[in-house]
Amino acid sequence: MAEQRSDLLIVGAGPYGLAMAAYAGHLGLDYLVAGEPMAFWRDHMPAGMYLRSASDWHLDPVGIDTIDAYLAEQGLKAADVEPLSRHFYLDYATWFQARKGITPLPEMVTRLDARSPDAAGRFQATLASGDRVTARQVVLAVGFGSFPYVPADLAAMLPTGRWGHTCDEVAFGPLAGKRVLIIGGRQSAYEWAALLREAGAAEVHVSHRQAAPPFTVSDWSWVAPIVDRMATEPGWYRGLSPTERDDIGHRLYAEGRLKLEPWLESRVLREGIHRWPQTRLVAAVETATGDLAVTLDTGQHLTVDHVILATGYKVQIDSLPLLAAGNLLPRLAQRNGFPVLTEHFESSVPNLYITSMPAAQDFGPFFNFTIAVRTSARVIGAAIVDRVAVR
């Protein structure tokens, strides 16, 4: 087994990991990144998907290798490519890596351990190959892929093999000619419905508890200024009262969860897609003919072949495999399933920083979106530089 050493190990090569790596390089830090670049975006998001964010949600903490800069190289403007497709964003991320000279170790970290205090590196990461990396500091930049949320009542109700979560249901060809029920009422549920029908699904039903969300433009203009403010005032959000935090959370929820993008309307309001707002699933039984007979709480009966859960993601940090396999969890303070973090994203384990979705409790719901990648990198980078300076 090979072993590498670095001052800083960044675990995860999605948007948060790439932004952190770029800023670490800018600061002259000795770092390594472990993870297949943009793996969740490539493997767990469907071809044909569009982003809700615009070109200003780029990856570069120093504002040079932006999406606009990438477009300029091609003689394009934002209006030429918005809404941004998944394909476009992946191409931008590849270009960004090349521009920043980021070369991740294309392996998952399967285990993370603290070493003895007198060891040269405080942490030891074991890779899928069995190789190891020792590092003085670690940044966990894991994203949604580790935390799909499957409500227990639905898991118990649905027959084995007849359902999946949106994070895994991204190849729609096998569902051509099939009847599909999607449970969930947010953007992903409706976009999956459109993509399934366009891929040849015979019928798509969408059931959700809330009223049917409108197709209307979301207002994100207020988000960037307050997220950027954290880069220079890391404790700003943490200093808000619970009421003020709730107000921000409700406002962001209203923009990101209670609206559907207008470009989706004509693709959803079409023959073959049926919406069942303000309903919930109460029964699902396999019939003798192999159909799946489902019943909604309104008494509506549907016959489908497959169910997709668009039920989102929920952080349970102790379920993260690399932590569950290692020796850090007993020392990792948690609250409501989230790690407890300082205003510089440091956990209760010294020199272990945690960002992306697991930081949302202490830093706000912005960390469920890519808008926060640059702020995250700048705050953590500054803390690491300060730590290195006094070492």
Side-chain angles (χ1 to χ4, degrees), residues 8-29 31-45 49-74 76-78 81-106 139-145 220 223-232 256 345 353-360 363-364 366-382 384:
L8 171 63
L9 172 64
I10 302 165
V11 179
Y16 279 86
L18 293 179
M20 186 69 244
Y23 200 56
H26 171 75
L27 295 172
L29 297 172
Y31 77 91
L32 288 172
V33 185
E36 186 68 36
M38 301 295 287
F40 183 78
W41 289 71
R42 294 183 189 280
D43 300 336
H44 297 280
M45 295 185 183
M49 192 191 87
Y50 287 89
L51 281 64
R52 307 194 71 181
S53 54
S55 299
D56 57 332
W57 289 26
H58 63 83
L59 296 175
D60 194 357
V62 296
I64 297 173
D65 295 312
T66 63
I67 292 177
D68 285 337
Y70 175 57
L71 289 170
E73 280 197 1
Q74 304 172 69
L76 298 172
K77 296 180 180 179
V81 295
E82 292 178 352
L84 304 180
S85 69
R86 163 187 168 274
H87 176 76
F88 172 87
Y89 193 70
L90 286 171
D91 284 350
Y92 163 65
T94 299
W95 174 86
F96 181 79
Q97 279 182 246
R99 291 279 296 177
K100 298 300 188 186
I102 302 169
T103 307
L105 302 171
V139 175
L140 292 185
V142 298
F144 289 83
W220 303 104
V223 178
I226 61 177
V227 173
D228 291 344
R229 180 179 174 183
M230 286 190 207
T232 53
F345 295 87
Y353 301 83
I354 304 178
T355 186
S356 187
M357 192 180 183
F363 286 88
F366 328 103
F367 285 79
N368 295 322
F369 300 86
T370 58
I371 185 64
V373 300
R374 304 188 300 270
T375 286
S376 166
R378 291 175 62 189
V379 173
I380 296 173
I384 292 174

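The chain is numbered in sequence order, starting from 1. Side-chain atoms are counted along with the backbone in the values below, which use heavy atoms only and exclude waters and symmetry mates.
Taking both residues in full, the closest heavy atoms of Ile64 and Asp60 are given as N-OD2, 2.9 Å, listed atom of the first, atom of the second, then distance. Closest heavy-atom contact between Phe366 and Phe363: CD1-O, 3.5 Å. Closest non-hydrogen pair, Val33 versus Ala13, comes out as CG1-CB, 4.0 Å. In plain terms, the two heavy atoms of Asp68 and Ala78 that are nearest each other are OD1-CB, 4.3 Å. Here the shortest heavy-atom pairing between Gly101 and Tyr31 reads O-OH, 4.2 Å. Of all non-hydrogen atoms in Trp220 and Gly256, the two that sit nearest each other are CH2-CA, 3.6 Å.
Counting heavy atoms from C-beta on, the side chains of Asn368 and Phe144 come closer than 4.5 Å. Within the 4.5 Å cutoff, side-chain heavy atoms of Ile384 are placed close to those of Val139. By the 4.5 Å heavy-atom criterion applied to side chains, Met20 and Leu29 are not counted as neighbours. The closest side-chain heavy-atom distance from Leu8 to Tyr353 is not below 4.5 Å. Using a 4.5 Å heavy-atom cutoff, the side chains of Arg52 and Pro83 are not in contact. Looking at Leu84 and Ser55, their side chains come closer than 4.5 Å, going by heavy atoms from C-beta outward. Inter-residue side-chain proximity for Pro61 and His26 is flagged as unmet; no heavy-atom pair is nearer than 4.5 Å.
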Apply side-chain contact (heavy atoms from CB on, under 4.5 Å) to residues Val62 and Lys100 and explain how you reach the verdict. CA-CA 11 Å; Val62 296; Lys100 298 300 188 186; 3.9 Å; yes

Could you please spell out the steps behind the side-chain contact (heavy atoms from CB on, under 4.5 Å) verdict for Leu18 and Met38? CA-CA 9 Å; Leu18 293 179; Met38 301 295 287; 4.0 Å; yes

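Between the CG atom in Leu59 and the OG1 atom in Thr66 there is a gap of 10.0 Å [rounded to 0.5 Å]. With rounding to the nearest 0.5 angstrom, the CD atom of Glu82 is 9.0 Å from the OG atom of Ser53. One finds the OG1 atom of Thr103 at 10.0 Å from the CG atom of Leu32 (value rounded to the nearest 0.5 Å).
With Thr355 contributing its side chain and Ala141 its backbone, the two residues share no donor-acceptor pair below 3.5 Å. For the pair Tyr23 (side chain) and Ser376 (backbone), a donor-acceptor distance under 3.5 Å is absent. Listed for the Arg374 side chain is no donor-acceptor partner under 3.5 Å among the backbone atoms of Ala19.
Under the ring pair (Phe, Tyr, Trp, His ring centres under 6.0 Å) test applied with Tyr89, the options Phe96, Tyr50, Trp57, Trp41 reduce to a single match, Trp41.
Judged as a side-chain hydrogen bond (donor to acceptor under 3.5 Å, both in side chains), and not counting sequence neighbours, Arg86 has no contacts. Judged as a salt bridge (charged side-chain N to carboxylate O under 4.0 Å, His left out), and not counting sequence neighbours, Arg42 has no contacts. In this structure His87 satisfies the side-chain hydrogen bond (donor to acceptor under 3.5 Å, both in side chains) test together with Asp91, sequence neighbours excluded. Looking at residues two or more places apart in sequence or on another chain, you find no salt bridge (charged side-chain N to carboxylate O under 4.0 Å, His left out) involving Arg378. Every residue was checked against the side-chain hydrogen bond (donor to acceptor under 3.5 Å, both in side chains) condition with Asp56, not counting sequence neighbours, and none meets it. Partners of Thr375 according to the side-chain hydrogen bond (donor to acceptor under 3.5 Å, both in side chains) rule, which considers only residues two or more places apart in sequence or in another chain, do not exist here.
Between Trp95 and Tyr70, the ring planes lie tilted relative to each other; the angle falls in the 30° to 60° range.
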